[in-house]
Q: 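Dropping the structure in here first, questions after.
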Amino acid sequence: MRRLIVLLPLVLFIALGLFLWNGIGKDTQVIPSPLIDKPVPEFALSALLDEQKTITAADLKGRPALLNVWATWCPTCKQEHAQLNRMARDEGVTIYGVNYKDDRAKAKIWLDKYMNPYALNIYDPDGKLGLNLGVYGAPETFLLDAQGIIRYKHVGAIDQRVWSELRQKMKQLEVN
Amino acid sequence: MIRHLLLVMLLSLSSIATAAIDTYQFKDDATRERFKSLSSELRCPKCQNQNIADSNSPIAKDLRDELYQMLESGADDDQVVDFMVTRYGEFVLYRPRMTEQTYLLWYGPAALLLIGVVVVLLVSGKRKKAEPGKPNSSLSDAEKERLDQLLKQEQNK
(Lines give C-alpha, C1' and ligand atoms only; values in the text may rest on other atoms or scores of the structure.)
Protein backbone atom coordinates (compact mmCIF):
# COMPACT_ATOMS: atom_id res chain seq x y z
CA MET A 1 0.00 0.00 0.00
CA ARG A 2 2.74 2.47 0.97
CA ARG A 3 4.67 1.58 -2.13
CA LEU A 4 1.61 2.31 -4.25
CA ILE A 5 1.26 5.77 -2.70
CA VAL A 6 4.92 6.48 -3.41
CA LEU A 7 4.35 5.50 -7.05
CA LEU A 8 1.22 7.66 -7.36
CA PRO A 9 3.00 10.90 -8.45
CA LEU A 10 4.85 8.97 -11.14
CA VAL A 11 1.61 7.45 -12.41
CA LEU A 12 -0.08 10.87 -12.42
CA PHE A 13 2.91 12.36 -14.22
CA ILE A 14 2.83 9.68 -16.91
CA ALA A 15 -0.93 10.11 -17.37
CA LEU A 16 -0.56 13.88 -17.74
CA GLY A 17 2.36 13.36 -20.09
CA LEU A 18 0.36 11.03 -22.34
CA PHE A 19 -2.59 13.45 -22.32
CA LEU A 20 -0.42 16.37 -23.38
CA TRP A 21 1.57 14.24 -25.86
CA ASN A 22 -1.71 13.39 -27.53
CA GLY A 23 -2.28 17.07 -28.29
CA ILE A 24 1.10 17.67 -29.95
CA GLY A 25 0.93 18.21 -33.71
CA LYS A 26 -2.84 18.56 -33.81
CA ASP A 27 -4.06 21.36 -36.02
CA THR A 28 -5.62 23.85 -33.64
CA GLN A 29 -7.07 25.81 -36.56
CA VAL A 30 -9.55 23.04 -37.33
CA ILE A 31 -12.71 23.20 -35.27
CA PRO A 32 -14.92 20.12 -35.14
CA SER A 33 -18.22 21.01 -36.80
CA PRO A 34 -21.41 20.59 -34.76
CA LEU A 35 -23.29 20.11 -38.06
CA ILE A 36 -22.01 16.60 -38.67
CA ASP A 37 -24.97 14.20 -39.07
CA LYS A 38 -27.35 17.14 -39.40
CA PRO A 39 -29.13 18.18 -42.62
CA VAL A 40 -27.88 21.11 -44.69
CA PRO A 41 -29.57 24.21 -43.19
CA GLU A 42 -32.62 25.47 -45.06
CA PHE A 43 -31.98 28.22 -47.59
CA ALA A 44 -33.41 29.73 -50.76
CA LEU A 45 -30.77 31.50 -52.82
CA SER A 46 -30.32 32.25 -56.49
CA ALA A 47 -28.11 30.17 -58.76
CA LEU A 48 -24.81 31.85 -59.53
CA LEU A 49 -25.14 31.41 -63.27
CA ASP A 50 -28.90 32.03 -63.49
CA GLU A 51 -30.31 34.83 -61.36
CA GLN A 52 -33.88 33.70 -62.01
CA LYS A 53 -33.36 30.21 -60.68
CA THR A 54 -33.79 29.56 -56.94
CA ILE A 55 -31.88 26.77 -55.27
CA THR A 56 -32.99 25.22 -51.97
CA ALA A 57 -31.58 22.52 -49.71
CA ALA A 58 -33.87 19.97 -51.43
CA ASP A 59 -31.89 20.42 -54.67
CA LEU A 60 -28.80 18.96 -52.99
CA LYS A 61 -30.42 15.58 -52.31
CA GLY A 62 -30.38 12.52 -54.55
CA ARG A 63 -26.83 11.21 -54.37
CA PRO A 64 -23.73 11.63 -52.21
CA ALA A 65 -22.01 14.87 -53.15
CA LEU A 66 -19.49 17.45 -52.05
CA LEU A 67 -20.57 20.93 -51.09
CA ASN A 68 -17.63 23.25 -51.67
CA VAL A 69 -17.58 26.78 -50.23
CA TRP A 70 -15.45 29.04 -52.42
CA ALA A 71 -14.87 32.64 -53.48
CA THR A 72 -12.75 34.50 -55.99
CA TRP A 73 -11.07 36.47 -53.17
CA CYS A 74 -9.77 33.27 -51.63
CA PRO A 75 -6.28 32.24 -52.83
CA THR A 76 -6.54 28.71 -51.46
CA CYS A 77 -9.71 28.19 -53.52
CA LYS A 78 -7.72 28.87 -56.65
CA GLN A 79 -5.13 26.40 -55.47
CA GLU A 80 -7.66 23.57 -55.06
CA HIS A 81 -9.66 24.41 -58.19
CA ALA A 82 -7.66 22.19 -60.55
CA GLN A 83 -8.17 19.26 -58.19
CA LEU A 84 -11.94 19.87 -58.16
CA ASN A 85 -11.91 19.98 -61.96
CA ARG A 86 -10.10 16.64 -62.13
CA MET A 87 -12.54 15.05 -59.68
CA ALA A 88 -15.61 16.24 -61.57
CA ARG A 89 -14.25 15.47 -65.04
CA ASP A 90 -12.37 12.20 -64.50
CA GLU A 91 -14.32 10.60 -61.70
CA GLY A 92 -17.77 12.09 -62.20
CA VAL A 93 -17.97 13.41 -58.63
CA THR A 94 -21.00 15.61 -57.96
CA ILE A 95 -19.74 18.89 -56.54
CA TYR A 96 -22.09 21.66 -55.48
CA GLY A 97 -20.61 25.10 -54.96
CA VAL A 98 -21.43 27.85 -52.51
CA ASN A 99 -20.11 31.11 -53.88
CA TYR A 100 -19.44 32.74 -50.51
CA LYS A 101 -19.53 36.54 -50.01
CA ASP A 102 -18.45 37.12 -53.56
CA ASP A 103 -19.34 39.18 -56.60
CA ARG A 104 -21.49 37.46 -59.25
CA ALA A 105 -19.68 38.96 -62.23
CA LYS A 106 -16.23 38.11 -60.88
CA ALA A 107 -17.32 34.58 -60.02
CA LYS A 108 -18.67 34.04 -63.55
CA ILE A 109 -15.39 35.20 -65.10
CA TRP A 110 -13.48 32.89 -62.74
CA LEU A 111 -15.54 29.86 -63.81
CA ASP A 112 -15.08 30.73 -67.50
CA LYS A 113 -11.36 31.08 -67.01
CA TYR A 114 -10.58 28.09 -64.77
CA MET A 115 -13.44 25.74 -65.83
CA ASN A 116 -16.56 24.90 -63.88
CA PRO A 117 -16.50 21.67 -61.86
CA TYR A 118 -19.79 22.45 -60.10
CA ALA A 119 -23.09 20.73 -60.87
CA LEU A 120 -24.86 23.64 -59.16
CA ASN A 121 -23.57 26.88 -57.76
CA ILE A 122 -25.38 28.70 -54.98
CA TYR A 123 -24.87 32.45 -54.87
CA ASP A 124 -24.49 33.54 -51.23
CA PRO A 125 -23.36 37.19 -51.37
CA ASP A 126 -24.15 38.02 -47.71
CA GLY A 127 -22.64 34.82 -46.36
CA LYS A 128 -25.93 33.87 -44.68
CA LEU A 129 -25.80 30.27 -45.82
CA GLY A 130 -22.10 30.24 -44.97
CA LEU A 131 -22.90 31.42 -41.45
CA ASN A 132 -25.55 28.74 -41.02
CA LEU A 133 -23.03 26.16 -42.24
CA GLY A 134 -20.51 27.38 -39.66
CA VAL A 135 -18.05 28.48 -42.33
CA TYR A 136 -15.15 30.47 -40.89
CA GLY A 137 -12.66 30.41 -43.72
CA ALA A 138 -12.99 29.41 -47.35
CA PRO A 139 -12.41 26.91 -48.80
CA GLU A 140 -14.45 24.46 -46.78
CA THR A 141 -15.92 21.25 -48.16
CA PHE A 142 -18.83 19.28 -46.77
CA LEU A 143 -19.57 15.67 -47.65
CA LEU A 144 -23.32 15.12 -48.08
CA ASP A 145 -25.11 11.81 -48.30
CA ALA A 146 -28.04 11.14 -50.66
CA GLN A 147 -30.52 12.57 -48.12
CA GLY A 148 -28.62 15.85 -47.89
CA ILE A 149 -27.21 15.07 -44.43
CA ILE A 150 -23.74 16.46 -43.69
CA ARG A 151 -21.42 13.53 -42.96
CA TYR A 152 -17.99 15.12 -42.91
CA LYS A 153 -16.33 18.50 -43.17
CA HIS A 154 -12.92 19.42 -44.46
CA VAL A 155 -11.45 22.88 -43.82
CA GLY A 156 -8.76 24.00 -46.25
CA ALA A 157 -7.74 23.06 -49.76
CA ILE A 158 -8.53 19.68 -51.27
CA ASP A 159 -5.46 18.01 -52.66
CA GLN A 160 -4.81 14.47 -53.86
CA ARG A 161 -4.29 13.18 -50.31
CA VAL A 162 -7.43 14.79 -48.88
CA TRP A 163 -9.42 13.57 -51.86
CA SER A 164 -8.36 9.94 -51.41
CA GLU A 165 -9.69 10.14 -47.84
CA LEU A 166 -12.89 11.84 -48.94
CA ARG A 167 -13.37 9.34 -51.78
CA GLN A 168 -13.33 6.44 -49.32
CA LYS A 169 -15.93 8.12 -47.14
CA MET A 170 -18.00 8.89 -50.22
CA LYS A 171 -17.86 5.29 -51.46
CA GLN A 172 -19.15 4.10 -48.10
CA LEU A 173 -22.08 6.47 -48.41
CA GLU A 174 -22.83 5.15 -51.90
CA VAL A 175 -22.94 1.58 -50.59
CA ASN A 176 -25.38 2.40 -47.79
CA MET B 1 -20.45 83.27 -21.28
CA ILE B 2 -17.29 82.03 -22.98
CA ARG B 3 -16.99 79.32 -20.39
CA HIS B 4 -20.51 78.12 -21.17
CA LEU B 5 -19.82 78.12 -24.86
CA LEU B 6 -16.63 76.10 -24.30
CA LEU B 7 -18.55 73.58 -22.23
CA VAL B 8 -21.16 73.16 -24.96
CA MET B 9 -18.43 72.71 -27.55
CA LEU B 10 -16.63 70.09 -25.47
CA LEU B 11 -19.84 68.19 -24.86
CA SER B 12 -20.72 68.14 -28.55
CA LEU B 13 -17.21 66.88 -29.34
CA SER B 14 -17.55 63.99 -26.92
CA SER B 15 -20.79 62.84 -28.51
CA ILE B 16 -19.11 62.83 -31.92
CA ALA B 17 -16.28 60.74 -30.53
CA THR B 18 -18.56 58.00 -29.14
CA ALA B 19 -20.60 57.92 -32.33
CA ALA B 20 -17.45 57.15 -34.28
CA ILE B 21 -16.65 54.13 -32.10
CA ASP B 22 -20.15 52.73 -32.05
CA THR B 23 -21.23 51.72 -35.50
CA TYR B 24 -24.32 50.07 -34.06
CA GLN B 25 -27.33 52.04 -32.87
CA PHE B 26 -28.90 50.25 -29.92
CA LYS B 27 -32.47 50.63 -28.82
CA ASP B 28 -31.41 51.11 -25.19
CA ASP B 29 -28.35 51.06 -22.93
CA ALA B 30 -29.14 47.61 -21.52
CA THR B 31 -28.92 46.12 -25.01
CA ARG B 32 -25.64 47.92 -25.58
CA GLU B 33 -24.24 46.41 -22.38
CA ARG B 34 -25.43 42.93 -23.35
CA PHE B 35 -23.85 43.36 -26.78
CA LYS B 36 -20.57 44.34 -25.12
CA SER B 37 -20.52 41.43 -22.69
CA LEU B 38 -21.64 38.80 -25.23
CA SER B 39 -19.25 39.94 -27.94
CA SER B 40 -16.37 39.79 -25.46
CA GLU B 41 -17.31 36.24 -24.40
CA LEU B 42 -17.72 34.77 -27.87
CA ARG B 43 -14.55 33.53 -29.47
CA CYS B 44 -13.70 34.28 -33.07
CA PRO B 45 -13.50 30.95 -34.98
CA LYS B 46 -10.83 32.20 -37.39
CA CYS B 47 -8.47 34.09 -35.11
CA GLN B 48 -8.68 31.88 -32.12
CA ASN B 49 -7.13 33.96 -29.40
CA GLN B 50 -9.45 36.90 -29.87
CA ASN B 51 -13.07 37.43 -29.07
CA ILE B 52 -15.42 38.70 -31.74
CA ALA B 53 -15.37 42.18 -30.22
CA ASP B 54 -11.62 42.58 -30.73
CA SER B 55 -11.09 40.71 -33.96
CA ASN B 56 -10.90 42.46 -37.30
CA SER B 57 -11.47 39.32 -39.34
CA PRO B 58 -14.50 39.32 -41.67
CA ILE B 59 -16.11 36.39 -39.88
CA ALA B 60 -15.96 38.25 -36.55
CA LYS B 61 -17.67 41.21 -38.22
CA ASP B 62 -20.39 38.88 -39.55
CA LEU B 63 -20.90 37.40 -36.11
CA ARG B 64 -21.08 40.87 -34.53
CA ASP B 65 -23.72 41.86 -37.10
CA GLU B 66 -25.67 38.70 -36.36
CA LEU B 67 -25.38 39.32 -32.61
CA TYR B 68 -26.58 42.90 -33.04
CA GLN B 69 -29.58 41.83 -35.09
CA MET B 70 -30.50 39.08 -32.66
CA LEU B 71 -30.33 41.43 -29.67
CA GLU B 72 -32.32 44.12 -31.46
CA SER B 73 -35.02 41.62 -32.33
CA GLY B 74 -35.31 40.65 -28.68
CA ALA B 75 -33.33 37.39 -28.38
CA ASP B 76 -32.19 36.49 -24.87
CA ASP B 77 -28.60 35.53 -24.01
CA ASP B 78 -29.28 31.78 -24.14
CA GLN B 79 -30.75 32.05 -27.62
CA VAL B 80 -27.68 33.94 -28.83
CA VAL B 81 -25.29 31.41 -27.31
CA ASP B 82 -27.32 28.51 -28.75
CA PHE B 83 -27.26 30.12 -32.18
CA MET B 84 -23.47 30.36 -32.11
CA VAL B 85 -22.95 26.89 -30.64
CA THR B 86 -25.17 25.11 -33.19
CA ARG B 87 -23.07 26.63 -35.97
CA TYR B 88 -19.55 26.78 -34.60
CA GLY B 89 -19.65 24.36 -31.67
CA GLU B 90 -18.78 24.72 -27.99
CA PHE B 91 -15.50 26.08 -29.24
CA VAL B 92 -16.86 29.63 -29.54
CA LEU B 93 -17.60 29.94 -25.85
CA TYR B 94 -14.84 31.49 -23.78
CA ARG B 95 -16.84 30.37 -20.73
CA PRO B 96 -17.64 26.72 -21.49
CA ARG B 97 -20.99 25.36 -20.43
CA MET B 98 -21.25 22.75 -17.72
CA THR B 99 -21.56 19.39 -19.49
CA GLU B 100 -20.14 15.92 -18.98
CA GLN B 101 -17.24 16.87 -21.21
CA THR B 102 -16.34 19.96 -19.20
CA TYR B 103 -16.64 18.56 -15.65
CA LEU B 104 -12.87 18.02 -15.59
CA LEU B 105 -12.36 21.62 -16.66
CA TRP B 106 -14.71 23.06 -14.05
CA TYR B 107 -13.97 20.77 -11.10
CA GLY B 108 -10.37 19.81 -11.94
CA PRO B 109 -8.70 22.76 -10.14
CA ALA B 110 -10.82 22.29 -7.00
CA ALA B 111 -10.06 18.55 -7.03
CA LEU B 112 -6.32 19.21 -7.40
CA LEU B 113 -6.48 21.68 -4.49
CA LEU B 114 -8.28 19.10 -2.38
CA ILE B 115 -5.65 16.46 -3.20
CA GLY B 116 -2.95 18.97 -2.27
CA VAL B 117 -4.58 19.70 1.10
CA VAL B 118 -4.91 15.98 1.84
CA VAL B 119 -1.23 15.38 0.98
CA VAL B 120 -0.11 18.30 3.18
CA LEU B 121 -2.22 17.04 6.08
CA LEU B 122 -0.85 13.50 5.74
CA VAL B 123 2.77 14.68 5.56
CA SER B 124 2.45 17.09 8.50
CA GLY B 125 0.72 14.36 10.54
CA LYS B 126 3.71 12.10 10.00
CA ARG B 127 6.13 14.90 10.97
CA LYS B 128 4.38 15.38 14.30
CA LYS B 129 4.72 11.71 15.10
CA ALA B 130 8.43 11.79 14.37
CA GLU B 131 9.10 14.87 16.51
CA PRO B 132 12.19 14.50 18.78
CA GLY B 133 11.66 13.99 22.50
CA LYS B 134 8.72 11.70 22.06
CA PRO B 135 9.06 7.93 22.24
CA ASN B 136 9.29 6.47 18.80
CA SER B 137 6.41 4.06 18.66
CA SER B 138 7.29 2.59 15.31
CA LEU B 139 10.05 0.46 16.91
CA SER B 140 9.07 -2.90 18.33
CA ASP B 141 10.18 -3.90 21.84
CA ALA B 142 12.97 -6.09 20.48
CA GLU B 143 14.21 -3.25 18.34
CA LYS B 144 14.17 -0.84 21.30
CA GLU B 145 16.27 -3.30 23.31
CA ARG B 146 18.75 -3.60 20.47
CA LEU B 147 18.91 0.20 20.20
CA ASP B 148 19.64 0.52 23.93
CA GLN B 149 22.40 -2.07 23.63
CA LEU B 150 23.97 -0.25 20.71
CA LEU B 151 23.84 3.06 22.56
CA LYS B 152 25.46 1.51 25.62
CA GLN B 153 28.23 0.00 23.50
CA GLU B 154 28.85 3.40 21.99
CA GLN B 155 29.08 5.02 25.49
CA ASN B 156 31.45 2.32 26.75
CA LYS B 157 34.01 2.92 24.02
Side-chain angles (χ1 to χ4, degrees), chain A residues 1-2 4-13 15-16 19-20 22-23 26-43 69 71-76 98 100-103 124-140 142 150 153 155-156, chain B residues 42-52 55-70 73 75 79-94 96-97 99 101-102 104-105 108-109 111-116 118-123 125-126 129 138:
Chain A
M1 186 61 199
R2 276 191 71 83
L4 280 181
I5 288 178
V6 170
L7 280 178
L8 193 66
L10 183 67
V11 172
L12 284 178
F13 172 76
L16 186 69
F19 177 70
L20 295 176
N22 193 33
K26 273 195 182 157
D27 190 352
T28 52
Q29 291 290 320
V30 176
I31 312 172
S33 173
L35 277 107
I36 304 296
D37 294 334
K38 303 234 169 74
V40 172
E42 287 300 322
F43 66 92
V69 181
T72 56
W73 47 259
C74 143
T76 320
V98 177
Y100 175 61
K101 291 171 77 173
D102 206 353
D103 178 74
D124 183 25
D126 310 320
K128 273 275 177 220
L129 174 60
L131 189 76
N132 287 336
L133 280 167
V135 170
Y136 57 91
E140 292 187 14
F142 297 85
I150 296 169
K153 176 183 178 181
V155 178
Chain B
L42 290 167
R43 187 177 182 184
C44 168
K46 187 70 193 170
C47 27
Q48 298 182 353
N49 291 324
Q50 282 184 305
N51 55 31
I52 62 170
S55 174
N56 285 325
S57 81
I59 182 70
K61 169 89 173 76
D62 288 355
L63 292 180
R64 280 199 300 271
D65 288 347
E66 198 63 42
L67 175 62
Y68 170 72
Q69 276 163 21
M70 286 187 82
S73 61
Q79 280 171 319
V80 170
V81 168
D82 277 347
F83 177 90
M84 298 295 172
V85 169
T86 50
R87 284 158 183 77
Y88 293 97
E90 294 283 329
F91 177 90
V92 291
L93 304 179
Y94 263 128
R97 294 195 280 201
T99 64
Q101 285 179 320
T102 56
L104 188 66
L105 203 60
L112 282 177
L113 186 68
L114 200 70
I115 291 173
V118 168
V119 167
V120 166
L121 284 179
L122 281 178
V123 169
K126 251 182 223 163
K129 271 186 194 164
S138 64

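Owing to the predicted nature of the structure, the values given are computational and were not obtained by experimental measurement. Every chain is numbered from 1, with letters handed out A, B, ... down the list of sequences.
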Q: For A:Leu16, give me all partners under side chain to side chain contact (heavy atoms under 4.5 Å, CB included), at least two apart in sequence or on another chain.
A: A:Leu20
Q: When you compare the side chain of B:Arg87 with that of B:Phe83, does any pair of heavy atoms fall below 4.5 Å?
A: yes
Q: A:Lys153: what forms a salt bridge (Lys or Arg N to Asp or Glu O under 4.0 Å) with it, not counting sequence neighbours?
A: A:Glu140
Q: Would you find a donor on one side and an acceptor on the other, under 3.5 Å apart, between the side chain of A:Asp124 and the backbone of A:Gly130?
A: yes
Q: Quick one: does A:Tyr136's side chain get under 4.5 Å of B:Val92's, heavy atoms only?
A: no
Q: Who passes side chain to side chain contact (heavy atoms under 4.5 Å, CB included) against B:Tyr94, sequence neighbours left out?
A: B:Arg43, B:Asn51
Q: With a 4.5 angstrom heavy-atom cut-off, is it the side chain or the backbone of A:Lys101 that approaches chain B, or both, or neither?
A: side chain
Q: Among B:Lys46, B:Glu90, B:Met84, which residue forms the greatest number of heavy-atom pairs with chain A at distances under 4.5 Å?
A: B:Lys46
Q: Quick check: do A:Val135 and B:Ile59 have side-chain heavy atoms less than 4.5 Å from each other?
A: no
Q: Hey, which residues of residues 62-70 of chain B are touching chain A, say heavy atoms under 4.5 Å apart?
A: B:Asp62, B:Leu63, B:Glu66, B:Gln69
